[in-house]
Structures are given as structure tokens and as C-alpha cells.
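It should be emphasised that the depicted structure is a prediction, and the values quoted were computed from it without experimental measurement.
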Amino acid sequence: MRDVLVTLIVFGSLPLILRAPAVGVLMWVWISVMNPHTQGWGFAQTFPFAYVIGVATLLSLVVARGPEACPRCPAPGSCSPSSPG
């Protein structure tokens, strides 16, 4: 039952990941660090959840519009055109 729950959470988050790449990064870190799929006894133990989330996140980065797609500056306001340098 745990593997079904993890699968539903991961595949349920795919639409959110495609809308916001940051959600994909958070999901990838959660799956990679916590490894909840290894706590089940079914098909989820060997299913590549991190790969699916990673591909969806990269796809989201490619199609995302706006400044949150690929930031050029590490902090807001640090790369303003008026700053000397």
C-alpha cells in the first residue's frame, strides 16, 4: 500500500512540476534524500522515481516562461544595470 501512495504522490505532482520547476527540484530532493519508495514491498522499490521527476523538471525548465526559468543573478537586485562593475 505504501508503494501505491508514493506513486500517487509522485505522479500527482507531475502537473505541478510542469508548471513550476522549483516544485520539481523540491520533489527530486525529497525522493533522493528520503527514499520513501524503498519502504514499500512492491513495484515501487525498483521504479526510477527520481529519473521521472528529473526529466519532468528539465522539461519544465525548457518550456517555462519568466524569470524563474533560469536565473542569471544569485540574489534579486545584485545584477542591476546601475551597479558599477
Side-chain angles (χ1 to χ4, degrees):
M1 191 62 151
R2 294 179 204 169
D3 53 348
V4 174
L5 179 64
V6 171
T7 304
L8 288 175
I9 290 171
V10 169
F11 283 103
S13 70
L14 287 180
L16 296 173
I17 292 171
L18 293 174
R19 293 186 73 197
V23 175
V25 172
L26 291 173
M27 286 294 295
W28 185 79
V29 168
W30 173 65
I31 286 291
S32 298
V33 173
M34 190 175 163
N35 287 323
H37 57 286
T38 60
Q39 302 301 314
W41 296 286
F43 64 93
Q45 282 187 334
T46 57
F47 192 81
F49 287 110
Y51 181 77
V52 171
I53 292 171
V55 168
T57 302
L58 290 176
L59 180 66
S60 177
L61 279 171
V62 170
V63 299
R65 292 184 234 167
E68 60 271 359
C70 292
R72 296 186 316 165
C73 301
S78 65
C79 296
S80 62
S82 63
S83 65

Indicate, with yes or no, if [Y] and [X] share a hydrophobic cluster defined by side-chain heavy-atom contacts under 4.5 Å among Ile, Leu, Val, Met, Phe, Trp and Tyr.
X: Trp28; Y: Leu16; result: yes
X: Phe47; Y: Ile31; result: yes
X: Val6; Y: Val29; result: yes

Of all heavy-atom pairs between Leu61 and Pro21, which one has the smallest distance, and what is that distance?
->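 Looking at all heavy atoms of both residues, the closest pair is CD2-CB, 3.7 Å.
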
What's the shortest heavy-atom distance between Arg2 and Gln39, and which atoms?
->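 So the minimum-distance heavy-atom pair works out to NH1-O, 3.0 Å.
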
Ignoring hydrogens and angles, write down the donor-acceptor pairs under 3.5 Å from the side chains of residues 7-15, residues two or more places apart or on other chains.
| from | atom 1 | to | atom 2 | distance (Å) |
| --- | --- | --- | --- | --- |
| Thr7 | OG1 | Asp3 | O | 2.7 |
| Ser13 | OG | Ile9 | O | 3.4 |
| Ser13 | OG | Val10 | O | 2.7 |

Which residues pass the side chain to side chain contact (heavy atoms under 4.5 Å, CB included) test with Met34, sequence neighbours left out?
->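 With sequence neighbours excluded, Met34 shows a side chain to side chain contact (heavy atoms under 4.5 Å, CB included) to Trp30, Pro36, given in chain and number order.
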
Donor-acceptor contacts, no H, no angles, side chain residues 48-55, under 3.5 Å, sequence neighbours left out:
none

